[in-house]
Amino acid sequence: MKKDFIVEIDESELNLFNKKLRTLSSFKGNGTELISLYIPYGADRSAIMTQLTNEKSQSSNIKDPNTRKNVQSALKRIINLLKQIDFKIPQNGLAIFCGNISKQPGKSDIRLFTVVPIKKLETKMYWCDSEFNLEPLKQMIITTEIYGIIAIDKNEATVAILKGKTYDIVGRFKSNVAGKQRAGGQSAKRFERLREEAEHNFYKKVSEAVNQAFVPYESKLNGIIIAGPGFTKETFLEKDFLDYRLKNKILGLVNTSYTDEYGIKEAIERSKDLLKNASIIREKELVNEFLASVIKTGLAVYGEKETIDALNAGKVATLLLSEKINKTVYKLKCPNCGFEKTLVIDESEAPNLKCDNCGSEMEIVEEVDYIELLMGKAKKMGTKTAIISTETDEGEQFWKTFGGIAGVLRYR
Ligand SMILES: [Zn+2]
């Protein structure tokens, strides 16, 4: 198996990434004023700065005064950000989106969003349009969910890994189980025993290969599907040769007519509902685990303040965040008197930039998605993060009753 096949992506990171893409794709500019900038790791700093400066001077030719003003402010914001982070681009690169997202013509509300790609960004891109260009990021999602598929009958087995919409065959096996015709002179009993023995050995051989291929990636596998005609799948499972870590991952059994590569294709087609349900089930389990902790052990916290305090104290084992939390954290600094403050406000609101101290307009030094900030904190504390959608009743209840932020504790 190719080693780079399984990407190291945390499910919560993926959920955050998806959430950001949904938000970004909802914005429309009034003119060609939304800027998308993709910077790969190791990109030449001066080349990018030169390009941005050039774009800024060229933008003075834009006819519409509002669009011109918005493009120029957006470029300024991007340049400031890059200076602020001192061009420290993450290993996977950085995507920056900036522009006027105000829905009212003539009004301007310039926002800047950053996204760290879930896979390595290869090419640099600058794009100015009436919407953000999310294509390079969208292409990364297609190939992230990972499943194992085993198509098996008595004579043949094919093992594959499904990654997004593509699959890779990682093993093909043929058994030497004899056909139904026994050789002359063999007793029926002995023939049957030999057949069973060969079948047993075949299942064992396939299981060993599956264990070897899947166990090293156990934590990244979203699930395993066992396919094939008749009852062979059940027999294969009853033999119990699969590693216990893989058994926990079995999503279900599906009937297919074939057990070669065509059987793998059939299995993918027939297990779409199983695959879709898998992530929903994981979410339900997480919320239920939290509820059980609230009721039974008391090893839980909820609400913003309580949860963040516990997180900072290193007490949280799993941090649960509802994807309904739509907040942005702004770090502001006054260029006039040096006053600094941090604002946490709803994503739909524009920050109030007036300096508390002297009344001048403060500058935005940093803006971060609130969920991303909390996830960063959690990572430092060795805390797992789970992002909970509101697609299930449990998720909805989690948002409405617990405010969408909670933690399962290691200790009190
Ligand atoms: Zn001030």
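First listed ligand is number 1; within each ligand, the first listed atom is number 1. Everything numeric in this text was worked out from a predicted model, so none of it was measured.
- Shown here are the protein N/O/S atoms lying under 2.8 Å from the Zn ion (ligand 1), water excluded: C334 SG, C337 SG, C355 SG, C358 SG.
- Atom OH of Y258 has 12 or fewer neighbouring heavy atoms from other residues, nucleotides or ligands inside a 6.0 Å radius.
- For residues 399-412, the set of pairs meeting the side chain to side chain donor-acceptor pair (under 3.5 Å) definition, not counting sequence neighbours, comprises E396-K400.
- The local environment of CD in Q51 is crowded, with over 12 non-hydrogen atoms from other residues, nucleotides or ligands closer than 6.0 Å.
- S46 pairs by the side chain to side chain donor-acceptor pair (under 3.5 Å) definition with D44, not counting sequence neighbours.
- Nearest heavy-atom pair, G99 versus F132, reported as atom, atom and distance to 0.1 Å: N-CZ, 4.3 Å.
- Applying the side chain to side chain donor-acceptor pair (under 3.5 Å) test to E372 and every residue at least two apart in sequence or in another chain returns K20.
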